[in-house]
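One structure below.
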Amino acid sequence: MEQQLTIYNTLSRKKEVFEPLHAPNVGMYVCGPTVYGDAHLGHARPAITFDIVFRYLTHIGYKVRYVRNITDVGHLEHDADEGEDKIAKKARLEELEPMEVVQYYLNRYRNAMNALNVLPPSIEPHASGHIIEQIKLVEEIVKHGYAYESQGSVYFDVPKYNKEHHYGKLSGRNIDDLLNTTRDLDGQSEKRNPSDFALWKKASPEHIMRWPSPWGDGFPGWHCECTAMGRKYLGEHFDIHGGGMDLIFPHHECEIAQSVASQGDDMVRYWMHNNMITVNGTKMGKSLGNFITLDEFFTGTHPMLTQAYSSMTIRFFILMAHYRSTVDFSNEALQASEKGLARLMEAVDHLNKIAPSSESDVDVKGLREKCYAAMNDDLNTPIVISHLFEGAKIINNIISGNNKINAEDLNTLKETFNLFLFDILGMKAESGGSSNNREEAYGKVVDMLLEQRMQAKANKDWATSDKIRNELTALGFEIKDTKDGFEWKLTK
């Protein structure tokens, strides 16, 4: 590949040159949502992060099979080995079929992702549609001696696995200390050790979703689904497994243990994790009750919001931070993102109005190279954005007559913005149906008034010219005369 990408591998804890197992083919698996509620900002971050990975790998010439799963019904929530499936609980309370609950929230999730301009994955498998594969995975682990049956359930034997392998190598946890502090609790449940995790759970009489298995009617443990579906669609060894940093332990740690216990070695070459969205330094999430749904952002209906924010503002806000950095929510930060995005979109609009000169005194090729360098350095989107702001400054200087640009450099500048702002960062012009049509008509009226002002100036009718300018300024418009005519924007 012409571009050499480095990415941070959570497993090795360092940046590594990305070298796919079977180039140009790349296999990427990302943990998708559990669909029992509306998508919130915490869901948007991994979706946007790995959308960037998908877009950039595709751009530099790889053929990517991107698998993003849907955790739907039948599973316990996270690492709890007891309790009721949340989707089944909601279905029971609302007198619905569990799959009705799944479909309702899945439709809403997909609509939110579409609004954020997140590309759909190559494959979007459901956990409930791959029970056979999960049962087979559990059978392989039992066969190799790393799991045991207890009262109709099957548990992964963490202490035995840890003696022969390293349980904790992804998270960096000292599992020996964990095992030593919990040993006295052994035998107080159907598990041999509290650190053991469920591979298959016996279904209680009231459990709605259940499937037959060699151990009786039950359902898979949460960790099984990604290992089983990743292997099915990407093979026993694939390139990238991604998700939020909160999944490193226990979910992804358990996935590594399952793959080694079932096939003898790791499935995944590069582990990638995005950091958290926080509110006043605390993780945003359903369990803490401090989350804001994407619909609430789009409509401005949450008490923590001072206004509505467009989907592109949300996307830009997330990309303004590196994916491995935390992003702390605030209205001020979102408003700054809104203004920053407006500056770039305004620059793009100006770019399309520039008439090329016979010469050029701007470094456009250098700008493009710097954008590539930032993307190749672990997908550093905030640095890419900073370079695009440099490009916006170049555009404004050309519009103002301070710089010149020839046709070749103008095409390169247009291509750079189209490539990095739209194709790779995934930004798009906002659309708003009838309101957007009103705004377009509104703009045409302002243009018409300013054209009348230009005509008045040409006729040396300074009174009319000043009257139009002063009244538009009083209404909140910023008017700027240029060598090619005029520019305006609404500042209020």
Side-chain angles (χ1 to χ4, degrees), residues 117 310 312-313 316 337-368 370-371 384-432 435-459 464-466 468-473 475-492:
N117 205 26
S310 73
M312 287 300 98
T313 297
F316 195 70
S337 296
E338 186 176 58
K339 290 178 181 177
L341 178 58
R343 279 178 57 198
L344 290 182
M345 298 305 285
E346 183 179 56
V348 171
D349 185 54
H350 289 166
L351 184 58
N352 294 324
K353 297 176 181 177
I354 292 175
S357 175
S358 59
E359 54 187 282
S360 186
D361 58 4
V362 292
D363 183 14
V364 173
K365 293 183 176 65
L367 177 70
R368 184 185 180 93
K370 287 190 290 185
C371 288
V384 174
I385 290 169
S386 72
H387 294 322
L388 291 175
F389 279 125
E390 290 176 28
K393 186 176 180 181
I394 291 172
I395 293 167
N396 291 334
N397 281 332
I398 295 169
I399 289 287
S400 300
N402 298 325
N403 288 111
K404 298 177 181 179
I405 190 168
N406 60 31
E408 181 182 354
D409 283 347
L410 180 59
N411 286 334
T412 300
L413 190 55
K414 288 180 179 180
E415 289 171 1
T416 299
F417 268 82
N418 285 333
L419 173 60
F420 287 97
L421 185 60
F422 299 118
D423 294 348
I424 293 175
L425 296 186
M427 306 311 299
K428 63 180 180 180
E430 300 281 7
S431 60
S435 63
N436 196 53
N437 293 335
R438 286 194 297 271
E439 289 173 9
E440 185 177 349
Y442 185 67
K444 288 180 178 178
V445 171
V446 176
D447 286 341
M448 182 179 67
L449 287 170
L450 289 174
E451 285 168 2
Q452 289 179 3
R453 175 175 173 268
M454 286 182 66
Q455 186 62 47
K457 286 176 67 179
N459 296 334
T464 300
S465 170
D466 290 345
I468 293 173
R469 182 186 185 98
N470 292 341
E471 291 192 1
L472 285 174
T473 300
L475 290 170
F477 291 92
E478 181 180 307
I479 312 299
K480 183 178 181 181
D481 293 321
T482 69
K483 63 177 182 178
D484 296 320
F486 59 81
E487 294 175 10
W488 64 268
K489 63 181 178 180
L490 188 60
T491 57
K492 287 185 179 180

### Candidate pair Leu472 and Trp488, rule side chain to side chain contact (heavy atoms under 4.5 Å, CB included), full reasoning
CA-CA 10 Å; Leu472 285 174; Trp488 64 268; over 6 Å; no

### Query
Side-chain contact, heavy-atom cut-off 4.5 Å: Asp363 with Leu367?
no

### Query
Do Pro356 and Leu410 come close enough that some side-chain heavy atom pair is under 4.5 Å?
yes

### Query
Should Leu449 and Met454 count as side-chain neighbours, where that means a heavy-atom distance under 4.5 Å?
no

### Query
Are Ile385 and Phe420 close enough that some pair of their side-chain heavy atoms sits under 4.5 Å apart?
no

### Close side-chain approach of Met427 to Phe316, heavy-atom, < 4.5 Å
yes

### Query
Excluding sequence neighbours, so at least two apart, what forms salt bridge (Lys or Arg N to Asp or Glu O under 4.0 Å) with Arg368?
none

### Query
Partners of Glu471 by salt bridge (Lys or Arg N to Asp or Glu O under 4.0 Å), sequence neighbours excluded?
Lys467

### Query
Got a sec, which residues hit side chain to side chain contact (heavy atoms under 4.5 Å, CB included) with Asp361, two or more places apart in sequence or on another chain?
Asn403, Lys404

### Query
Which one of Leu425, Leu421, Ile424 satisfies the side chain to side chain contact (heavy atoms under 4.5 Å, CB included) criterion with Val384?
Leu425

### Summary
The side chain to side chain contact (heavy atoms under 4.5 Å, CB included) partner of Ile398 among Asn402, Ile395, Ile394 is Ile394

## Note on the structure
Residues passing the salt bridge (Lys or Arg N to Asp or Glu O under 4.0 Å) test with Glu390, sequence neighbours excluded, are Lys370

### Task
Kindly give the heavy-atom pair with the smallest separation between Leu413 and Leu351, and that separation in Å.
CD2-CD1, 3.7 Å

### Message
Do Asn397 and Lys393 have side chains that approach each other closer than 4.5 Å (heavy atoms only, starting at C-beta)?
### Response
yes

### Task
Please tell me if the side chains of Thr473 and Glu478 come closer than 4.5 Å, counting only heavy atoms from C-beta onward.
no

### Task
For Lys480, check side chain to side chain contact (heavy atoms under 4.5 Å, CB included) against everything at least two apart and list the hits.
Ser400, Glu487

### Task
Would you list the pairs meeting salt bridge (Lys or Arg N to Asp or Glu O under 4.0 Å) in which at least one residue belongs to residues 409-425, sequence neighbours left out?
Lys365-Asp409

### Message
Just verifying a value: how many Å separate Ser358 OG and Ile405 CD1, rounded to the nearest 0.5 Å?
### Response
12.5 Å

### Query
How long is the gap from CZ on Arg469 to CG on Leu450, to the nearest 0.5 Å?
9.0 Å

### Message
Under 4.0 Å between a side-chain nitrogen and a carboxylate oxygen: does that hold for Asp481 and Lys457?
### Response
yes

### Message
Can you tell me if Glu408 has over 12 outside heavy atoms packed within less than 6.0 Å of its CD?
### Response
no

